[in-house]
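Some notes on the structure that comes next.
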Amino acid sequence: MSFDPANLDPIADESVLITGGSSGLGLATARAFVASGAYVTIADIQPPPENAFGDGQHRVNFSLCGVTDSASQTEAFKAAIKFAPSHILDVVALFAAVDDSPNLVDLGSSNGNGPNLDSLSIKCLDVNLKGIYYSTYLALHYLQQPELAPSSQTSGSGNRSTKSLILLSSLGGYLDDSHDSIYSATKYGIRGLFRSIRLRSYNELHVRCNLIAPWVIRTPLTVPLQDFMDKSGMPEGKGLTFATVDAVVDAVGRCAVDENVVGRSIAVMPEGNFDLGDDEEGLWAGAALKKIVQARKDAGNVIV
Ligand SMILES: NC(=O)c1ccc[n+]([C@@H]2O[C@H](COP(=O)([O-])OP(=O)(O)OC[C@H]3O[C@@H](n4cnc5c(N)ncnc54)[C@H](O)[C@@H]3O)[C@@H](O)[C@H]2O)c1
């Protein structure tokens, strides 16, 4: 399946919840959805920047929410349902994450006094995996439509669902990423979560579940990497080529509105967006990954 951008008109007046929507990729997605007329609730530990939505500000609702906290996540979902005039949820996109863990090999090799488990931070595990597990549980509950409304049945195309759940993993959940350990583990974990629900969520709850796996992009999350590149005098495109924020918005937008996109995993690369073929037919993403790795190597990028 090709992954060209979709026209976002169908999202007008829909009700959307975005975790981690106050910064970077989540914020850019929220802005695009609001500009297309959606009602968006942002669930985040920080508010979005003032006036980030211009004329669409009245379509944005902020719910102060730490995704590791079950009560505040539950409140965020309830707030999203209350905020939208339809009082339902149509789209849930899960961006909230941190990236602050070292590689365990560095810790192991630097600790002359012996290991101390109490000094290991597992915040990244909590936010990125426990958080998305909680969010997914709530999303499936509030998005489910065991019986499809007749209006959403397109003639000749079966029971297509307008309800969309979008999980943010990373290319770091497909390739070797030797810069940190927990972040990688959580992004692989999100793939596991995705693969455990994508078929049943569609067949039984009529919720389309898709996964986005971006390559590296300039956002607040990657500032340490950007600083490293700047300090080392590495020109962009040598060592690393960034993909764009807009390409992620395109991929998430497509998953939100295209009823034919079901159970797909989409790589966001500098060259564009690709179906990873993370299924039996695509050799569990192996064939697509081989091409992606080769393209990056040919561009002079460091892969691990
Ligand atoms: N930027 C990249 O290169 C890149 C690449 C691959 C995948 N991703 C993924 O895309 C998603 C968005 O990343 P980004 O680059 O926009 O990062 P970002 O740091 O700009 O945004 C992350 C947002 O998550 C929020 N957040 C952090 N902890 C939270 C918590 N406990 N509860 C609720 N919200 C919390 C932050 O406040 C922030 O608004 C993440 O899942 C990230 O792993 C990013």
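Counting starts at 1 for both ligands and their atoms, in listed order. Hydrogens, waters and symmetry mates are skipped; everything else that's a heavy atom, side chains included, is used.
Remark: minimum distance from atom 1 (N) of ligand 1 to any protein heavy atom is reached at T219 OG1, 3.1 Å. The nearest protein atom to atom 17 (O) of ligand 1, hydrogens excluded, is given as L221 CB, 3.3 Å; this is a heavy-atom distance. Of the protein's non-hydrogen atoms, the one nearest atom 5 (C) of ligand 1 is W215 O, 3.4 Å.
Close contacts of ligand 1 with V98, meaning ligand atoms under 4.0 Å from a residue heavy atom, involve 27 (C), 28 (N). Residue C65 has at least one heavy-atom neighbour below 4.0 Å for each of these atoms of ligand 1: 32 (N), 33 (C). Distances below 4.0 Å separate heavy atoms of Q46 from the following atoms of ligand 1: 36 (C), 37 (O), 38 (C), 39 (O). If you number the atoms of ligand 1 from 1 as listed, the ones under 4.0 Å from a heavy atom of K187 come out as 40 (C), 41 (O), 42 (C), 43 (O). Close approach of ligand 1 to L168 (heavy-atom distance below 4.0 Å) involves ligand atoms 10 (O), 41 (O). Close contacts between ligand 1 and P220 involve ligand atoms 20 (O) [criterion: under 4.0 Å to a heavy atom]. Atoms of ligand 1 lying under 4.0 Å from at least one heavy atom of A97, given by number and element, are 22 (C), 24 (O), 27 (C), 40 (C), 41 (O), 43 (O). Heavy-atom contacts of G24 reach the following atoms of ligand 1: 16 (O), 20 (O) (cutoff under 4.0 Å).
Considering all non-hydrogen atoms of both residues, P224 and L221 come closest at CD-O, 3.8 Å. Of all heavy-atom pairs between G172 and Y188, the closest is O-CE1, 3.4 Å.
Ring geometry for H206 versus Y202: interplanar angle over 60°, hence perpendicular rather than tilted (30 to 60°).
V67 has its side chain out of reach of I132: every pair of non-hydrogen atoms, C-beta onward, lies at least 4.5 Å apart. Side-chain atoms of V268 and I212, non-hydrogen and from C-beta on, do get closer than 4.5 Å to each other. The closest side-chain heavy-atom distance from D126 to L129 is not below 4.5 Å. Between Y39 and D13, the closest side-chain pair of non-hydrogen atoms falls below 4.5 Å.
In this structure, T19 falls outside the shell of residues with a heavy atom less than 4.0 angstrom from ligand 1. Contact analysis puts S169 in contact with ligand 1, with a non-hydrogen atom separation below 4.0 angstrom. At least one heavy atom of V216 sits closer than 4.0 Å to an atom of ligand 1. Distances from ligand 1 to the non-hydrogen atoms of G66 include at least one value under 4.0 Å.
Looking at I45, D44, T222 and measuring to atom 30 (C) of ligand 1, the nearest heavy atom belongs to I45. Taking all heavy atoms of F95, F242, Y183 into account, the minimum distance to atom 8 (N) of ligand 1 is reached by Y183.
The main-chain N or O of L165 is never found under 3.5 Å from a side-chain atom of R208 such that the two would form a donor-acceptor pair. Looking only at distances, a side-chain donor or acceptor of S15 sits under 3.5 Å from a matching main-chain atom of I88. Under a 3.5 Å cut-off, the side chain of R198 and the backbone N or O of N210 do not form any donor-acceptor pair. The backbone N or O of G189 lies less than 3.5 Å from no partner atom in the side chain of T186, so there is not a single donor-acceptor pair. The backbone N or O of D275 sits nowhere less than 3.5 Å from a side-chain atom of R264 that would complete a donor-acceptor pair. Between the side chain of N273 and the backbone N or O of D4 there is no donor-acceptor pair closer than 3.5 Å. Judged by distance alone, the side chain of S169 and the main-chain N or O of R191 form no donor-acceptor pair under 3.5 Å.
For L25, a nitrogen or oxygen atom sits less than 3.5 Å from a nitrogen or oxygen atom of ligand 1, counting backbone and side chain alike. The N/O atoms of V67, backbone and side chain alike, include one that comes under 3.5 Å of an N/O atom in ligand 1. Inclusion of T68 in the set of residues having an N or O under 3.5 Å from an N or O of ligand 1 is not warranted. In terms of polar-atom proximity, I217 is counted as a contact of ligand 1, with an N or O under 3.5 Å from an N or O of the ligand. Looking at ligand 1, you'll find an N or O of S23 within less than 3.5 Å of one of its N or O atoms.
Only the side chain of V127 comes within 4.0 Å of ligand 1, judged by heavy-atom distances.
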